[in-house]
Every structure is written in structure tokens, then in C-alpha cells.
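Notes follow once the structure below has been shown.
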Number of protein chains: 2
Amino acid sequence: MVDASIAILDEGGEKGLTFQALAKRLKTGAGAIYWHVENKSDLLVAASDAIVINVIAACSAGGSPADKIRALALDLFDALDDRPWLGSALAQAPGSMPTIRILEHLGREVRAMGVPHEDEWTVVAALLNYVLGVGGQNAAHAEMARMQHLEREAFLGEIALRLSALDPKDFPFVQSIAPKMPDHDDRADFLTGIDLFLDGIARRIAGSPMASDRTTRTEEP
Amino acid sequence: MVDASIAILDEGGEKGLTFQALAKRLKTGAGAIYWHVENKSDLLVAASDAIVINVIAACSAGGSPADKIRALALDLFDALDDRPWLGSALAQAPGSMPTIRILEHLGREVRAMGVPHEDEWTVVAALLNYVLGVGGQNAAHAEMARMQHLEREAFLGEIALRLSALDPKDFPFVQSIAPKMPDHDDRADFLTGIDLFLDGIARRIAGSPMASDRTTRTEEP
DNA sequence: CCATACTTGGAATGCCGTTCCATCCATGTC
DNA sequence: GACATGGATGGAACGGCATTCCAAGTATGG
């Protein structure tokens with residue numbers, strides 16, 4: 001059943017998975033599915049988990065902790081890129097098993113990097129948020145491109161066009177980078193983001209401890 | 001009309017905004033709304049844009065570029081924390097005006113930091129992804145808490161409980177940080193993530209250029 | 001052979017985004 | 001001051017969806 005869901009999601013995107021479609025593929029009724037899953041959300045989580053388990057299991061092993069983080073992040077990126085629905089599923093079900101699995105594996109390596117115990121959570125949470133954020137954005141891009149029946153390149157071209165049309169008075173930066181948009185490499189950009197994080201972490205470990213003396217406003221707005 | 005949408009979203013969350021609810025509040029018919037907006041997505045974008053414009057306008061000014069990035073990020077965090085629907089709206093409409101505005105203002109400061117032109121896009125994209133990722137996660141948490149009629153603290157407590165129940169064999173890291181979950185500070189964690197980024201950027205500017213000689217697989221999977 | 005518990009299939013329900021169209025109203029024209 | 005015109009309105013109707021409900025089927029153990 002999870003396999004069937006994944007197949008439907010791969011073929012029709014996240015909008016393609018309906019209980020009726022799944023019922024038809026399984027040659028059963030929509031109601032029967034509710035005997036095995038509680039929710040549609042449950043279904044998504046189960047499908048996501050199946051994928052995430054595979055990604056983590058297949059994750060190439062060796063190297064330093066930082067290398068392992070990079071490897072896991074890239075494998076995740078590739079999975080999210082292959083299956084845009086995964087990104088939105090993970091983004092919408094925080095605290096579910098797939099997310100926990102990722103958290104665990106990132107956490108182990110962060111710990112192995114020698115981050116002080118009191119900072120582990122913050123560092124791992126930041127990494128996880130970044131990974132999920134990119135995944136979500138990727139998913140949204142893919143979904144939007146699908147709705148307009150555009151390939152990735154044409155879609156980025158359209159965005160670049162829209163950006164160029166903005167008033168240079170108000171949007172100097174955006175306009176200046178618009179031309180670079182159509183042929184940038186999402187995967188490389190993603191990796192650079194990870195590297196920035198890892199560098200930041202390394203700097204903290206080498207230098208002063210992480211608890212920033214920077215004033216952090218704590219009033220509840 | 002945008003104001004009415006925002007009011008409904010604030011009261012009832014993202015699920016609360018329906019065309020019928022909006023029509024009732026505006027004492028009109030559902031169809032009339034379609035004269036002014038193309039889509040429900042359009043409506044969300046318009047509402048998001050109104051908020052984002054205010055956040056950016058009210059953003060406290062002074063300080064170094066890095067300080068300005070921190071200030072904008074924190075103001076955004078507070079806005080996203082106040083209005084969980086904003087996070088999911090921004091996450092689902094990439095390339096729309098609110099996102100572009102954020103991109104622009106982050107970009108200006110990144111440029112002011114002295115990041116080489118060829119690396120600007122990557123750095124800004126990473127920052128944006130992080131901010132949106134956190135926003136999306138926050139939104140998902142809030143939505144999930146709302147559905148279970150739980151306050152934030154009780155909700156985190158439940159999650160901590162679930163994490164503690166995991167097999168320590170398989171999830172040593174997650175289990176070890178579970179007790180810290182209920183009383184961590186999302187806002188401080190978010191800021192630390194931003195700081196990690198900024199440190200990573202500073203390190204690159206000070207040291208070697210950003211284009212990493214690290215091998216980046218580029219095959220399309 | 002039957003009783004019980006598990007499982008199934010599909011009809012019915014209620015909600016939602018979206019479309020459609022008859023109607024209204026303000027504005028500019030003669 | 002009547003009138004045509006086009007922007008705006010309100011609400012009914014449609015199609016699709018998740019979810020619920022229940023009558024019917026099926027296997028299992030006595």
C-alpha cells in the first residue's frame with residue numbers, strides 16, 4: 001500500500017494522491033484504506049518514511065563527521081529533487097519519524113564533530129531547518145512548474161524575466177542577480193549552504209564557546 | 001479585503017480562511033471575491049505581502065551589515081511566530097513578491113558585507129532558505145498544536161515524550177536531547193543558526209574565495 | 001458447521017475552491 | 001434627465017476531495 005502511494009505520488013505529484021486514486025490502483029474501496037491508516041497525513045508520513053529509510057541506509061559512509069553530514073545532506077537533496085512531494089510532506093509533518101531519523105543521523109555527526117553538549121540541539125536544529133527549508137522550496141518550485149507545464153529551465157527563465165521587470169530603484173539587488181537565475185545549480189548552492197554552516201560550526205569549536213554574549217531580546221512581542 | 005483575510009487567518013489559522021468565511025465577513029458573495037483575486041493562492045500572497053512590507057519597513061536600521069541581517073531575520077521570525085499561516089504561505093508561493101522583498105533586503109546586506117559577486121546568489125539563497133525553512137517548521141508546529149488544542153509547552157512536552165519512548169539503540173542522539181526539548185528557545189536557536197551562517201560567510205571572506213574545490217557531483221540523477 | 005472478529009467495498013456526507021450568470025450601480029453621453 | 005455601458009456583486013451550482021458509515025464478505029478457531 002505504501003508502495004502504491006509512492007508510485008502515485010511519483011506519477012502525479014502530491015495532488016495526484018487521493019484516496020480514490022489509491023483505492024482504484026489497489027482495486028478496493030476508499031473506505032478500506034482507513035482500516036490501515038488513520039489519515040491522509042499518515043499516508044504521507046508512511047510514504048516519506050519508506051523513502052527516508054532507504055536514503056539513510058544507502059548513504060555513503062566514510063570520511064570525517066563533516067563529510068558524513070555533507071554526504072547525508074546531498075543524498076537527501078537528491079531524493080527531494082527526485083520526488084518533490086517528499087519535501088512538502090516532510091515540511092508538513094514535523095516531529096514524525098522521517099524527520100526524527102534525519103535528526104538522529106545529523107545529530108550523531110554533529111556530536112562527533114565535538115560541538116559542546118549544550119549547543120548540540122541548536123546546531124542540529126539549524127541544519128535540519130536548512131535541509132527541510134531547501135526541500136520545501138524545491139518542492140514548491142517543482143509543483144509550480146508542474147502546474148504551468150514547464151520544464152525547470154523554462155520555469156527559471158520566467159522567474160528571471162519577472163525579476164528583471166521589477167523597478168531597479170526598489171530592487172537593485174534582485175535585478176542584478178536575475179540574469180544568473182536561469183542556469184544556476186541548485187545542488188551546488190545547497191552544498192555551499194551546508195558548507196557555510198559547517199564552517200561556522202568549526203569556527204565556534206576552534207574559538208570561543210557558542211553561547212553568544214550577543215544580546216538576545218527575549219520579550220514576547 | 002486583504003485586511004479581512006488577515007483577520008480571519010489570525011483568528012482561525014490557515015484552515016480558517018475559506019472563500020465562504022471571507023464572503024460572510026465582507027457581507028458579500030464568494031463569487032465577488034474572484035473579481036479582485038485570481039486564486040486562493042493569490043489571496044494568501046496578497047495577505048503575506050501586506051505583512052512582509054510592514055516587517056521590512058519597521059525593521060530597525062543601524063549597525064553593520066551583519067547586524068542588519070540579524071535584525072531583519074529576527075523581525076521576520078517574530079512575524080512568523082505571531083502568524084503561523086505566514087510561514088506556510090511563504091513556503092508555498094516561491095518567487096512571489098513577499099519572498100522577493102526578503103531576498104532583496106538580505107541581498108543588499110550580503111553585498112555590503114563584501115561577499116564576492118559570483119557568490120552572492122548562493123549565500124543569499126542559503127540564508128533565504130534557512131529563514132523560510134524555520135518559518136515553515138514553525139508554522140507546521142503551530143498548526144499541529146492547534147489541531148490538538150495544545151499550548152506550545154504541552155505540545156513540546158508531548159514530542160519530548162514520544163522521543164524518549166524511542167529505542168535508545170537506534171536513536172541515541174535523539175533520546176539524549178529529548179529532555180531539553182520542552183524548554184528550549186526557538187527564537188534564540190533561530191538566531192544562532194543565522195550567526196553560524198554569518199560566521200561561515202565571514203570566514204570565507206577573510207580566507208580563501210568561496211568557490212570550493214571540493215568535488216561537487218554534477219550529474220543529473 | 002458455526003460464531004466471532006477482522007476486513008472490505010462502496011455509498012453517503014459535508015466542506016471547499018471555483019465557475020457561471022442574472023442583477024445592480026456608477027459614470028459619462030446625448 | 002433618460003439611457004447605454006461596463007465594472008462589480010451575490011449567490012446558486014458544480015466537481016472534487018477527505019472522511020464516515022454500514023452492510024456484506026472472509027478467515028479462523030472451537
Side-chain angles (χ1 to χ4, degrees), chain A residues 1-50 84-86 88-94 96 139-140 143-149, chain B residues 1-50 84-86 88-94 96 139-140 143-149:
Chain A
M1 183 164 121
V2 171
D3 289 345
S5 301
I6 293 176
I8 292 180
L9 285 165
D10 285 344
E11 290 166 16
E14 57 177 318
K15 264 189 62 179
L17 180 66
T18 73
F19 276 79
Q20 316 229 351
L22 184 56
K24 188 149 81 173
R25 177 179 281 250
L26 293 174
K27 289 190 206 161
T28 177
I33 301 173
Y34 278 84
W35 187 258
H36 305 273
V37 253
E38 193 147 341
N39 264 337
K40 176 156 187 183
S41 162
D42 246 37
L43 201 60
L44 263 321
V45 169
S48 306
D49 209 24
W85 55 268
L86 225 193
S88 87
L90 290 182
Q92 277 162 27
S96 58
E143 177 59 23
M144 194 166 275
R146 169 194 286 270
M147 288 219 323
Q148 303 180 234
H149 305 285
Chain B
M1 183 164 119
V2 170
D3 290 343
S5 302
I6 292 176
I8 293 180
L9 284 165
D10 284 345
E11 290 166 16
E14 56 176 321
K15 264 189 63 178
L17 180 65
T18 73
F19 276 80
Q20 317 230 348
L22 184 57
K24 188 149 79 174
R25 177 178 281 250
L26 293 173
K27 291 190 205 160
T28 176
I33 301 173
Y34 277 85
W35 188 258
H36 306 271
V37 210
E38 192 147 344
N39 263 339
K40 176 155 189 185
S41 163
D42 247 36
L43 200 60
L44 263 321
V45 168
S48 307
D49 210 24
W85 56 268
L86 225 192
S88 88
L90 291 182
Q92 277 162 27
S96 58
E143 176 60 25
M144 194 166 276
R146 169 193 287 270
M147 289 221 320
Q148 303 180 233
H149 306 285

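Because only heavy atoms are used, hydrogens play no part in the values below, and waters and symmetry mates are left out as well, while side chains stay in. Here is how names work: the chains are called A, B, and so on, in the same order as the sequence lines, proteins then strands, and each is numbered from 1.
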Between [N] ([atom2]) and [X] ([atom1]): distance, integer Å:
| X | N | atom1 | atom2 | result |
| --- | --- | --- | --- | --- |
| A:K15 | D:dG15 | NZ | P | 16 Å |
| A:Y34 | D:dT20 | OH | C1' | 9 Å |
| B:E38 | C:dG17 | CD | P | 16 Å |
| B:K24 | D:dA12 | NZ | P | 14 Å |
| A:F19 | C:dG10 | CZ | P | 17 Å |
| A:D42 | D:dA18 | CG | C1' | 13 Å |
| B:Q20 | D:dA12 | CD | C1' | 11 Å |

Please work out if [X] contacts a base, only the sugar-phosphate, or nothing of the nucleic acid, heavy-atom cut-off 4.0 Å.
| X | answer |
| --- | --- |
| A:L17 | sugar-phosphate |
| B:K27 | sugar-phosphate |
| A:I33 | nothing |

Nearest atoms (heavy-atom pairs only) where [X] meets [Y]:
| X | Y | answer |
| --- | --- | --- |
| B:A47 | B:L9 | CB-CD1, 4.2 Å |
| A:G16 | A:A21 | O-CB, 3.9 Å |
| A:M1 | A:L22 | O-CD1, 4.3 Å |

Task: 5' priority, DNA chain C, between A:L26 and B:A30 [closest heavy atom] - done: A:L26

- [ ] Sorted by first residue and then second, give each ring pair (Phe, Tyr, Trp, His ring centres under 6.0 Å) pair with at least one member in residues 29-48 of chain A; sequence neighbours left out.
- [x] A:F19-A:Y34

TODO: Give a yes/no on whether any side-chain N or O of B:N39 is located under 4.0 angstrom from OP1 or OP2 of C:dT18.
DONE: yes

Choosing from [options], which nucleotide comes nearest the side chain of [X]?
| X | options | value |
| --- | --- | --- |
| B:W35 | D:dA8, C:dC6, D:dA18 | D:dA8 |
| B:K40 | C:dT8, C:dG17, D:dA18 | C:dG17 |
| A:T18 | C:dT18, C:dT8, D:dC17 | D:dC17 |
| B:H36 | D:dA8, D:dT20, C:dT18 | D:dA8 |

- [ ] Return each pair, listed once, that meets side chain to side chain donor-acceptor pair (under 3.5 Å) where at least one residue sits in residues 2-23 of chain B; pairs must be two or more places apart or across chains.
- [x] B:D10-B:R83, B:D10-B:W85, B:E11-B:R25, B:E14-B:S88

